[in-house]
Every structure is written in structure tokens, then in C-alpha cells.
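Take a look at the structure set out below.
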Protein chains: 2
Amino acid sequence: MPRHADPTLPARRRAQILEAARACFQARGFRETTVEEICAEARVSPGALYRYFDAKADIIAAIALDARAEAEAAFQELEAGDALVDALAEMARAYFAAFEGAEAAFLTDIWAEAVRDPGLARAMARRDEAARAQLAAAIARAARAGAVYPALSPEDAAETLLAALEGFARRRGLHAAHGEAARLYRSLALHVLKPKR
Amino acid sequence: MPRHADPTLPARRRAQILEAARACFQARGFRETTVEEICAEARVSPGALYRYFDAKADIIAAIALDARAEAEAAFQELEAGDALVDALAEMARAYFAAFEGAEAAFLTDIWAEAVRDPGLARAMARRDEAARAQLAAAIARAARAGAVYPALSPEDAAETLLAALEGFARRRGLHAAHGEAARLYRSLALHVLKPKR
DNA sequence: ACCTGAACACCGTTCAAGT
DNA sequence: ACCTGAACACCGTTCAAGT
């Protein structure tokens with residue numbers, strides 16, 4: 001019998017619960033899935049789940065922050081050259097694809113939670129600012145290279161592009177039929193960034 | 001004792017419940033307010049409330065559709081001349097103001113509900129298409145008058161401007177400090193619409 | 001025809017008890 | 001130290017009974 005517990009256990013349990021929750025949310029959405037269902041999927045008792053998360057909302061918060069971290073990494077790799085607009089368009093395509101169908105609910109659920117939960121809002125705002133700074137830096141680099149002539153300051157252009165990205169993502173869920181969102185996003189980027197050709 | 005009930009009663013009761021619900025949602029948000037609280041505010045019993053609405057979600061749906069109808073009317077009055085960009089900017093300012101603070105939760109709550117409730121989604125999509133058509137028509141009028149030279153087709157420009165409008169509105173809730181959303185929105189409209197001066 | 005309010009079903013969370 | 005699962009509190013919804 002060990003004097004100290006396995007120090008990797010907590011992290012493993014958290015991951016196990018998050019994985020189960022992700023599967024449930026994807027299948028049925030945040031509101032629709034029950035803590036009991038997450039427990040069944042993760043094969044733990046409710047008591048165990050509440051040892052690792054203070055509330056059901058904390059689970060979706062953790063998943064949301066993971067997703068933001070990925071987006072941040074993607075922004076960091078943006079090229080400085082002519083390809084900026086195309087890279088942005090590709091990123092938008094990936095973003096829209098990631099929030100297709102059942103995942104669209106996930107996006108709006110997180111937004112709705114963030115408005116209510118100041119802790120989640122702060123955490124998301126921090127991530128968001130990082131992502132926006134990355135994007136602004138990429139725009140500034142491209143501008144210095146003479147590849148684009150942004151209509152706005154790099155910071156303002158970045159904020160505008162992010163706002164439009166999220167707006168298109170949400171509206172895609174509303175009327176998928178008109179979902180040429182990726183094409184429209186490219187046009188928007190083109191006219192806000194004005195590349196040299 | 002009347003043979004037939006007052007025919008205006010149902011409409012009055014509905015309005016009475018909606019008004020009470022609006023007050024509660026504004027104060028505490030959709031999730032946080034209880035049907036019991038709405039009943040107390042409206043001075044009806046739960047049984048009476050469920051006579052006029054099938055579910056709590058139906059109440060927020062009714063309020064959402066009212067709000068959309070107002071937006072639609074605003075779009076219809078857009079001028080054809082040079083003032084289009086300024087009119088859009090003013091509308092954006094009003095939109096952002098309407099969804100300030102507690103109301104931001106309302107916006108995201110409705111979005112989250114719409115993703116889950118196909119009926120609400122359809123109803124909102126219908127309203128949205130009407131609003132977008134109005135905006136596209138205003139852009140086309142301004143273009144014919146030579147006041148603007150849209151970078152995209154009027155329809156695409158309208159969709160882009162709506163997506164950005166909603167995106168900015170949502171992000172304003174996230175980091176109100178950076179909320180120069182109205183100014184940014186004006187710049188965006190400017191570069192998508194390219195007015196003649 | 002319209003309403004009341006007690007009762008029901010369900011679900012997030014806790015906690016005494018176990019190992 | 002970590003877990004179980006029964007119990008609790010709460011809230012959306014229903015329905016038998018009233019007028």
C-alpha cells in the first residue's frame with residue numbers, strides 16, 4: 001500500500017472526465033446532457049466527478065479553453081507574406097468546419113456560459129487577447145513586408161476579422177443553406193487587408 | 001355572466017406574461033430566472049402560464065422575434081444616399097447599446113436556444129432573411145445612386161455586415177474595455193461599401 | 001373558458017460512509 | 001487519498017379540481 005497516491009491520477013481522471021463530457025456534449029449538447037450521463041460515459045460516480053470539477057459549467061469551460069489554445073497556436077503560424085489572406089481564409093474554413101452541426105451548439109453554449117460566469121469570461125478574454133495579438137502581429141509583419149496595406153491599424157483589423165469570423169460561424173448554424181461563409185470571409189479579409197495584388 | 005369569454009383576454013394575458021418575463025430575464029438572465037418568478041411577477045399561476053406558452057423556451061422565443069421585427073423595421077428606413085454608412089454606424093451603436101450588460105446574456109441565450117430548437121431557428125431565419133433583404137436593397141439603392149461602390153454584391157455585403165454586427169455585439173460583452181465596437185464597425189462598413197467620398 | 005396550486009419527474013450537487 | 005451512491009434541493013411541467 002503506497003504512502004502517497006499516484007501523482008498522475010488527478011490529471012488522468014480529469015482527462016478521462018473531459019473526454020467523456022466532450023463525447024456527450026457533441027452528441028446531445030451541453031444542456032441536454034446530464035451529469036449522470038457524463039459519469040456513466042467516464043465510468044465514475046457523481047461524487048468522483050465533483051472532486052475534479054466544482055460544477056457542470058466548469059467542464060464546458062475547460063473544454064472551451066482547450067479549443068481557444070488551439071486557435072491561438074494556429075494564429076502564431078500565420079505567414080508574413082502574400083499568403084496572409086489565403087491563410088486566413090483557410091483558417092476560417094477550418095473554424096467553420098469545427099463548429100458544424102452539433103458543435104454549433106457548443107459554440108453558443110460557451111458564449112452563453114461566459115456571459116454568466118465571470119471566471120470563465122476572464123479566462124476566455126485572456127485567451128482571446130492573446131489570439132488577437134498574434135493575428136495583429138501577423139498583419140503588421142505582412143504590412144512591413146509590403147504584402148498588404150491594411151485599411152485599419154493591425155489591432156483594429158485583427159479585432160474586426162475575429163468579430164466577423166465568429167459572426168459568420170454563428171450564422172452558418174442559422175441558415176446552413178446560405179453558408180458560403182468561407183468565401184465571404186475571404187472577401188472581407190481581402191477588402192480589410194488590401195493585398196498588393 | 002357572458003356566454004363567450006372576452007376575446008381580447010388571451011392576447012392581454014400573453015402580453016402580461018411576456019412583460020413580466022422580459023423584466024425577469026433582464027434582471028437575472030434566462031437560465032437564472034424561474035418560471036415561478038415569472039408567475040409571481042405576472043401574478044398568474046404556473047398552470048395559467050402554461051396555458052399560453054408550451055414551455056419556458058417559448059417565452060424567450062417570442063421576445064426574440066419581437067426584437068428581430070424591430071430591427072427589420074429599422075433596416076427598411078435606411079436612406080439611399082451618401083448617408084448609408086453613417087446610418088449603418090448609428091444602427092450598430094443602437095444595437096450594441098440594446099445588448100449592453102444584462103442584455104448581452106439575452107442575445108447569447110437566444111442563440112443557444114435557437115441552435116437546439118428547430119422551430120425557433122426557422123422563425124429566426126425567416127426574420128433574418130427579411131432583414132438581410134432590406135439591407136441588401138438599401139445597399140443596391142445607394143449603389144444605383146452612385147453613393148457607394150460595394151466591394152461585394154449587395155447580398156454578400158449585407159450578410160457580411162450582419163455577421164460582423166453580431167460578432168462585435170457578442171465580443172463587446174467579453175471585453176467591454178476594448179469596446180470601440182461602433183467605431184470599428186463604421187470602418188468596416190466604409191471599406192466594404194467604399195462610399196464616393 | 002379559464003384558473004389554481006399541489007404533485008410529479010428530473011437533475012445538479014452534497015455528504016456520510018466506505019476502502 | 002480517493003471513491004460510492006443514496007439523499008437533498010430545486011425547478012419545469014402537469015393535471016385534478018374549482019369557478
Side-chain angles (χ1 to χ4, degrees), chain A residues 1-22 24-25 27-63 105 109-110 112-113 116-117 119-120, chain B residues 1-22 24-25 27-63 105 109-110 112-113 116-117 119-120:
Chain A
M1 228 160 292
R3 299 259 318 272
H4 299 295
D6 177 355
T8 73
L9 214 193
R12 281 187 359 249
R13 276 274 185 283
R14 257 186 82 93
Q16 170 187 355
I17 292 165
L18 282 178
E19 201 44 57
R22 214 185 299 263
C24 290
F25 294 160
R28 286 181 298 283
F30 177 67
R31 306 280 155 63
E32 256 48 66
T33 100
T34 279
V35 168
E36 201 179 325
E37 288 169 342
I38 300 174
C39 289
E41 181 77 23
R43 287 163 207 265
V44 296
S45 66
L49 185 146
Y50 279 92
R51 174 168 254 275
Y52 296 99
F53 296 93
D54 285 343
K56 188 188 173 193
D58 281 12
I59 299 177
I60 205 175
I63 296 177
D109 275 337
I110 289 170
E113 279 304 317
R116 294 273 151 53
D117 180 338
L120 175 55
Chain B
M1 227 160 295
R3 300 260 316 273
H4 298 296
D6 178 354
T8 74
L9 214 194
R12 276 182 9 241
R13 277 273 185 283
R14 257 186 82 92
Q16 170 187 356
I17 292 165
L18 282 178
E19 201 44 57
R22 213 185 299 262
C24 291
F25 293 161
R28 286 181 299 282
F30 178 67
R31 308 275 157 65
E32 256 50 65
T33 99
T34 279
V35 168
E36 203 179 323
E37 288 169 342
I38 300 174
C39 289
E41 181 78 22
R43 287 161 207 264
V44 297
S45 66
L49 186 147
Y50 279 93
R51 174 167 252 277
Y52 295 99
F53 296 94
D54 285 343
K56 189 188 171 192
D58 281 10
I59 299 177
I60 204 174
I63 296 177
D109 274 337
I110 289 170
E113 280 303 316
R116 292 275 152 52
D117 180 337
L120 175 54

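Each chain gets a letter, A, B and so on, in the order its sequence line appears, and its residues count up from 1.
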Looking at every heavy atom in both B:Thr8 and B:Asp6, which two are closest together, and how far apart are they?
N-OD1, 2.8 Å
Tell me, what's DNA chain D's dot-bracket, Watson-Crick or G-U with both distances under 3.5 Å, | for other-strand, [ ] crossing?
||.|||||...|||||.||
Looking at B:Ile59 and B:Phe25, what are the two nearest heavy atoms and their distance?
CG2-CE1, 4.2 Å
Are more than 12 heavy atoms, taken from residues, nucleotides or ligands other than A:Glu36, located less than 6.0 Å from that residue's CD atom?
no
For B:Phe53 and B:Ala62, which heavy atoms make the closest approach, and how far apart are they?
CE2-CB, 4.3 Å
Quick one: pull up CD1 in B:Ile17 and CD1 in B:Ile38 and give me the separation to the nearest 0.5 Å.
9.0 Å
Please report, rounded to the nearest Å, how far the C1' atom of D:dC3 is from the CZ atom of A:Arg14.
18 Å
Euclidean distance, atom CZ of residue B:Arg13 to atom C1' of C:dC3 [Å, nearest integer]:
8 Å
Heavy-atom pair with the smallest gap, counting every atom of A:Lys56 and A:Thr33
NZ-O, 2.9 Å
Taking atom P of D:dT13 as reference, at what distance in whole Å does atom OH of B:Tyr52 sit?
18 Å
A:Gln16 pairs by side chain to side chain donor-acceptor pair (under 3.5 Å) with which of A:Glu19, A:Arg13, A:Arg12?
A:Arg13
So do A:Glu37 and A:Arg28 actually touch side chain to side chain, heavy atoms under 4.5 Å?
yes
Stretch residues 42-51 of chain B: residues that reach within less than 4.0 Å of DNA chain D through a heavy atom:
B:Pro46, B:Gly47, B:Tyr50
Stepwise, does the side-chain contact (heavy atoms from CB on, under 4.5 Å) test hold for A:Glu113 with B:Arg31?
CA-CA 10 Å; A:Glu113 279 304 317; B:Arg31 308 275 157 65; 3.8 Å; yes
Nucleic acid contacts - residues 30-40 of chain B versus DNA chain C, non-hydrogen atoms under 4.0 Å:
none
A:Lys56 NZ to C:dT14 P, in whole Å, measures 15 Å
Counting only heavy atoms not in A:Arg43, do more than 12 sit closer than 6.0 Å to its CZ atom?
no
